[in-house]
Every structure is written in C-alpha cells, then in structure tokens.
Asks: 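What follows is a single structure, and I will ask about it in a moment.
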Amino acid sequence: MAQPKYTTHVGMDDILPGEVEKWQTVEEIIRETAREFNFDEIRTPILEQTELIARGVGQQTDIVSKEMFAFERGDDQYVLRPELTAPVVRSYIEHHLDQRGGTQNLFYIGPMFRAEKPQKGRKRQFHQFGAEILGSSEPVADVDIIQLMMRIYEKIGITNTELKINSVGTPEEREQYVQALRDHFRPHESELSEVSQRRLEKNPMRILDSKEDEDQPFIEKAPVIIDFLGKQSMQHYKRVKELMEHNEIPYQEDPHLVRGLDYYTHTAFELISPDLGSQDALGGGGRYDLLAEEIGGPSTPAVGFASGIERLLMACEALDIDLHREAAVDVYIVTIGQKANDWALSKLKVLRNKGISATMDYQGRSIKSQMKDADRENARYTIIVGEQELSDNAFTLRDMQASEEEALAFEEIVDRLSQHSTADVKS
RNA sequence: GAGCCUGUAGCUCAGUCGGUUAGAGCGCCAGGUUGUGGCCCUGGAGGCCGUGGGUUCAAAUCCCAUCAGGCUCCCCA
C-alpha cells in the first residue's frame with residue numbers, strides 16, 4: 001500500500017484495540033503475582049541522565065556504546081531508558097528507600113528504548129517487566145526473584161521453558177577468569193571465527209556463547225568460571241542451587257552463561273523458550289551487589305530480573321495460549337428518530353452510573369445498521385426506542401444472545417440489568 | 001554494521017514468456033426485510049501494484065536505487 005504521510009518511527013509499534021487486551025491480561029497477571037510476592041510497583045521517568053545509564057549499565061556494553069537514544073537540551077543530557085535496573089537503583093538512592101527498613105521489593109512494567117536494527121522480538125521501543133530486591137545479599141533473595149519470574153510465566157501458561165543459571169563471581173574473580181580465557185584462546189586465535197577474534201581483546205567471555213561452529217571445539221575445552229570463584233562466591237552459588245532444589249525449581253547449570261551488562265555479580269540466570277526463534281530469551285537477571293555504589297549510593301546488595309513482554313506474547317502465540325478477552329458492552333441503545341436519540345443520550349448516563357456499560361449509535365443510522373453495530377460490539381442487550389415507546393414508557397429490551405424481547409419501563413430495565421452487569425460498580 | 005528474502009484494496013493473498021478498464025475471499029457501506037443483529041442473496045465504495053528513476057511502442061510484471069517488513073549473523077528483552 002502507499003505509505004501514509006506520517007508513520008511511527010522504525011521499530012516502534014502502535015498497539016491497537018484487539019491487541020491491547022492481551023497486554024492488559026498479561027499486565028494484570030504480573031501485578032497480581034507481584035502482590036502475592038509482596039512486591040510494590042515503582043514508576044520512574046522515561047528519560048534519565050545519560051551519565052547514570054553509562055555508569056550503571058557500563059561503558060563497554062552494546063547498550064551504552066551504540067544503542068542509546070540520547071539527546072542534549074541546554075546543559076542536560078537525556079537518554080531514553082534502555083533498561084530499568086539502574087534507574088530503580090537511582091531512585092532507591094535518591095529517595096533513601098533503604099531508610100524505610102528491611103529490603104525494598106520492587107517491580108515495574110513499562111517501555112524501554114534501544115536504537116538497534118529491529119527484527120521480530122526486538123524493537124526499538126519494547127516493553128519489559130521486572131523486579132528487584134534491594135538490600136539483601138542472601139541466596140533466598142536470588143531464589144525468590146527467580147520464583148517470582150517463573151510464577152508469572154507459569155500463570156500465563158508458558159511452562160515449556162529452560163532456566164539457566166551460572167555464577168559470574170566478583171569483579172576480581174572475573175578478571176582472573178577473563179585472563180585465563182585469553183590465555184586459552186590466544187594460541188588458537190587464527191582458527192577462531194572473525195567475531196570471536198574481535199572479542200578476544202574486548203570481551204573474551206562473549207566467545208563462550210558464540211554460535212559459530214569453528215569456535216565450538218575451543219569453547220568446549222575452555223576454562224569455566226566456577227574454577228575461579230573464591231570461597232564466598234562458591235558458597236553463595238552452592239546455596240542458591242540447594243535452595244532451588246529444595247523448592248523444586250528445575251534449572252540447568254550453564255557455565256557459559258554471561259550477562260550482557262557489567263553490573264552483575266554472583267548469580268546470573270536466563271529463561272529461554274525453545275518455542276521462539278532466534279530471539280529466544282524470555283528474560284534474565286542476576287545479582288548486582290556493586291551497582292548502587294557504582295552510581296554513588298550506599299553499598300547495597302541486590303538481585304533482580306527483567307523480562308520482555310513482546311517475547312512473552314510471541315511465546316503465547318507459538319503455544320496457542322489465548323490471552324484475548326473479548327470486549328463487550330452491556331447495553332446498546334438503538335434509536336429511531338431525533339427524540340429517541342436525545343432520550344438515549346440522557347439514559348446512557350443513568351445506566352453507566354449504575355455500573356452498566358452502555359453505548360448508542362453516533363452516526364444517525366438505520367435501525368438495521370444499529371442492530372448490526374450492536375452485534376459487532378458484542379452488546380448483551382439492546383434497548384429499542386421509537387416514538388411509541390417514549391409515549392408508552394415501554395421499551396423493547398432485547399437479549400441479543402437469546403434473541404428474546406420484552407417490553408419494560410425504563411426503571412425496570414435498569415433494575416434488571418443491574419443484576420447482570422459485568423462492569424465494576426464505582427462507589 | 002553484514003548477508004538473504006519480501007512489499008498488489010482495511011486484512012489475507014492471486015495475478016510476471018511485459019500487452020486493452022488490476023482480481024478473489026474476508027471486512028466495510030447499502031438494499032432485499034419502509035422499526036430489529038448473527039445465516040443467505042444482490043449491489044457499491046475502496047488500489048498512482050511501497051517510493052523514485054531507468055529499459056521499452058507498452059511495466060504490477062524487467063533493471064537500479066531507496067524506504068519498510070521478515071529471516072540469519074551480531075547482541076539481547
């Protein structure tokens with residue numbers, strides 16, 4: 001089709017009626033589950049200071065080095081948030097949430113922005129939900145965060161998933177490990193794939209999740225990070241695994257799992273769906289004990305996860321999970337003539353105030369067209385109004401499913417429908 | 001950033017050895033039923049064939065560019 005003059009920006013999709021209802025279902029399940037886990041919602045601005053993201057997420061990451069939507073206005077540097085862990089920690093520090101005592105258990109849902117080349121399951125504006133436990137270094141926190149994530153997918157019906165876990169240790173341990181990796185791969189540098197050769201200096205850990213065939217033999221023999229963990233890191237990892245087993249959470253250890261962001265320490269995890277294509281990561285997370293300090297706050301151990309809503313919806317589609325609830329209206333008032341039309345408008349208010357959802361024709365169309373429209377809108381009832389009904393105060397109430405009609409006074413109709421209404425009655 | 005594929009009505013798609021006014025199904029609008037939806041029948045509206053350029057007597061069809069989408073790589077949600 002010819003392109004309209006104005007369209008959305010590349011990689012930024014409208015979510016239209018029909019699709020929105022699925023999002024609402026998912027969001028309700030997320031909120032409901034978060035409540036069950038005693039997590040509170042937090043909402044932060046879409047725009048953050050560029051420096052926060054650069055420091056928090058890490059200068060070397062792809063996100064910061066090439067995927068930020070950033071701009072300048074006056075002396076201020078703005079960036080559209082590419083993820084929400086750093087902003088949540090910023091908020092925690094800024095508002096001294098640690099002073100509220102205990103841990104802060106927070107969850108969020110909202111849009112994120114990354115300036116990547118879009119493809120299926122990877123948009124420039126995409127949506128994530130996630131949760132963070134701030135103020136605990138205990139393995140129970142790691143495991144409960146994983147349980148929250150898994151429970152949401154379970155409730156939605158996505159159970160065919162693989163949970164991978166690993167420990168990425170402390171920065172010191174990681175540095176030793178990275179050195180060992182370089183030593184391991186360097187003798188074979190010329191035999192590695194092109195991308196992996198580039199990673200050798202920049203980020204050797206990335207070689208581990210290479211999909212290139214020629215890299216595989218060297219990856220198999222590569223040292224694993226577990227062997228470089230100190231006593232405390234090892235103990236933490238061991239406890240996490242124990243707790244996972246006690247709570248019957250199936251997982252797979254993946255010694256090659258590394259996270260894309262710099263702030264992770266110790267536990268790292270990722271949830272994969274074999275039902276998706278190349279973008280098979282549903283969500284991921286881990287522990288980030290050093291992030292708060294890194295961005296100028298008090299030392300705050302923390303753990304969290306983030307999940308993509310688009311990916312979740314893709315998985316639902318692949319699994320034929322029906323999230324769609326049909327939109328419906330309780331009453332559609334069908335009118336014949338100007339007087340009836342005026343009457344209908346005033347009665348919509350009476351119905352709605354009783355919590356009965358109600359609508360009417362806005363186009364002055366024929367009764368047949370209005371009935372058709374009522375059908376399309378999934379009206380449970382129609383009220384048919386003409387001159388005769390007005391003078392008799394006897395209106396035709398038609399049950400659209402049963403195709404039965406009854407002549408009733410308007411007050412009787414209201415009483416009748418009050419009992420059948422599905423809308424929430426606002427007090 | 002790299003490679004490959006695709007782009008025809010609102011939607012899903014036919015139509016290419018280049019050849020008169022570009023089609024179907026669904027959807028939309030109207031009528032059949034002058035006050036009654038879903039099924040059925042009839043009619044109608046709606047396309048510079050993604051955009052720009054080129055080849056040709058002639059282009060939806062061939063060529064180039066560009067934009068958009070998809071798949072893979074990269075990376076990740």
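When reading the values below, keep in mind they use all heavy atoms of this one structure, side chains included, and skip hydrogens, waters and symmetry mates. Below, chain A is the first sequence line, B the second, and so on; all start at residue 1.
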Asks: If I pick the C1' atom on B:G23 and the same atom on B:U61, what distance separates them, to the nearest angstrom?
Replies: 15 Å
Asks: For B:C73 and B:C28, measure between their P atoms and round to the nearest Å.
Replies: 41 Å
Asks: Can the positive tip of A:K164 be found less than 6.0 Å from the middle of the six-membered ring of A:F269, inside 45° of the ring normal?
Replies: no
Asks: Less than 3.5 Å between a donor and an acceptor, one on the side chain of A:S403 and one on the base of B:G37, is that the case here?
Replies: yes
Asks: Please confirm whether any donor atom in the side chain of A:E270 sits under 3.5 Å from an acceptor in the base of B:A77, or the reverse.
Replies: no
Asks: Measure from the side-chain heavy atoms of A:F126 and tell me the nearest of B:A77, B:G3, B:G37.
Replies: B:A77
Asks: Mind checking if A:V10 touches a base, just sugar-phosphate, or nothing, with heavy atoms under 4.0 Å?
Replies: sugar-phosphate
Asks: Using heavy-atom distances to pick each residue's nearest nucleotide on RNA chain B, tell me which of A:V385 and A:G308 is more 5'.
Replies: A:V385
Asks: Between which residue ranges does RNA chain B form stems of three or more consecutive Watson-Crick or G-U wobble pairs, both distances under 3.5 Å?
Replies: B:1-7 with B:67-73, B:10-13 with B:23-26, B:28-32 with B:40-44, B:50-54 with B:62-66
Asks: Ignoring hydrogens and angles, answer whether the base of B:G35 and the side-chain atoms of A:E387 contain a donor-acceptor pair closer than 3.5 Å.
Replies: no
Asks: Which of these nucleotides, B:U36, B:G37, B:G1, is closest to any side-chain atom of A:I384?
Replies: B:U36
Asks: Over all strands shown, is A:L312 touching base, sugar-phosphate only, or nothing at heavy-atom distances under 4.0 angstrom?
Replies: nothing
Asks: How is A:G121 classified with respect to the nucleic acid when contacts are heavy atoms under 4.0 Å: base, sugar-phosphate, or nothing?
Replies: base
Asks: Enter the distance from A:R416:CZ to A:Y381:OH here, rounded to the nearest 0.5 Å.
Replies: 7.5 Å
Asks: Mark yes or no: A:K155 above the aromatic ring of A:Y153, with NZ or CZ under 6.0 Å from the six-membered ring centre and no more than 45 degrees from the axis.
Replies: no
Asks: Measuring from the side chain of A:Q388 (C-beta onward, heavy atoms only), which nucleotide among B:G31, B:G35, B:U36 has the closest atom?
Replies: B:G35
Asks: Can you tabulate the close N/O pairs, meaning under 3.5 Å, that link protein atoms to atoms of nucleotides 25-29 of chain B?
Replies:
| from | atom 1 | to | atom 2 | distance (Å) |
| --- | --- | --- | --- | --- |
| B:C28 | OP1 | A:R376 | NH1 | 2.6 |
| B:C29 | OP1 | A:R365 | NH1 | 3.1 |
| B:C29 | OP1 | A:R376 | NH2 | 3.3 |
| B:C29 | OP2 | A:R376 | NH1 | 3.4 |

Asks: Where the side chain of A:I336 is defined as all heavy atoms beyond and including C-beta, which of B:G35, B:C75, B:G31 is the nearest nucleotide?
Replies: B:G35
Asks: Using a heavy-atom cut-off of under 4.0 Å over every strand shown, decide if A:Q370 touches base, sugar-phosphate, or nothing.
Replies: nothing
Asks: List the steps, then state whether salt bridge (Lys or Arg N to Asp or Glu O under 4.0 Å) holds for A:R398 with A:E404.
Replies: CA-CA 6 Å; A:R398 180 181 178 84; A:E404 285 165 1; over 6 Å; no
Asks: Let's see if you can work this out: which of B:G37, B:U36, B:C74 has an atom nearest to the side-chain heavy atoms of A:M400?
Replies: B:G37
Asks: What does A:G11 touch in the nucleic acid at a heavy-atom separation under 4.0 angstrom: a base, only the sugar-phosphate, or nothing?
Replies: sugar-phosphate
Asks: Are any of the side-chain nitrogens in A:E116 or A:R124 under 4.0 Å away from the carboxylate oxygens of its partner?
Replies: no
Asks: Using a heavy-atom cut-off of 4.0 Å across all strands, would you classify A:E310 as base, sugar-phosphate, or nothing?
Replies: nothing
Asks: Ring centroids only, cut at 6.0 angstrom: are A:F228 and A:Y177 within range, meaning strictly under it?
Replies: yes
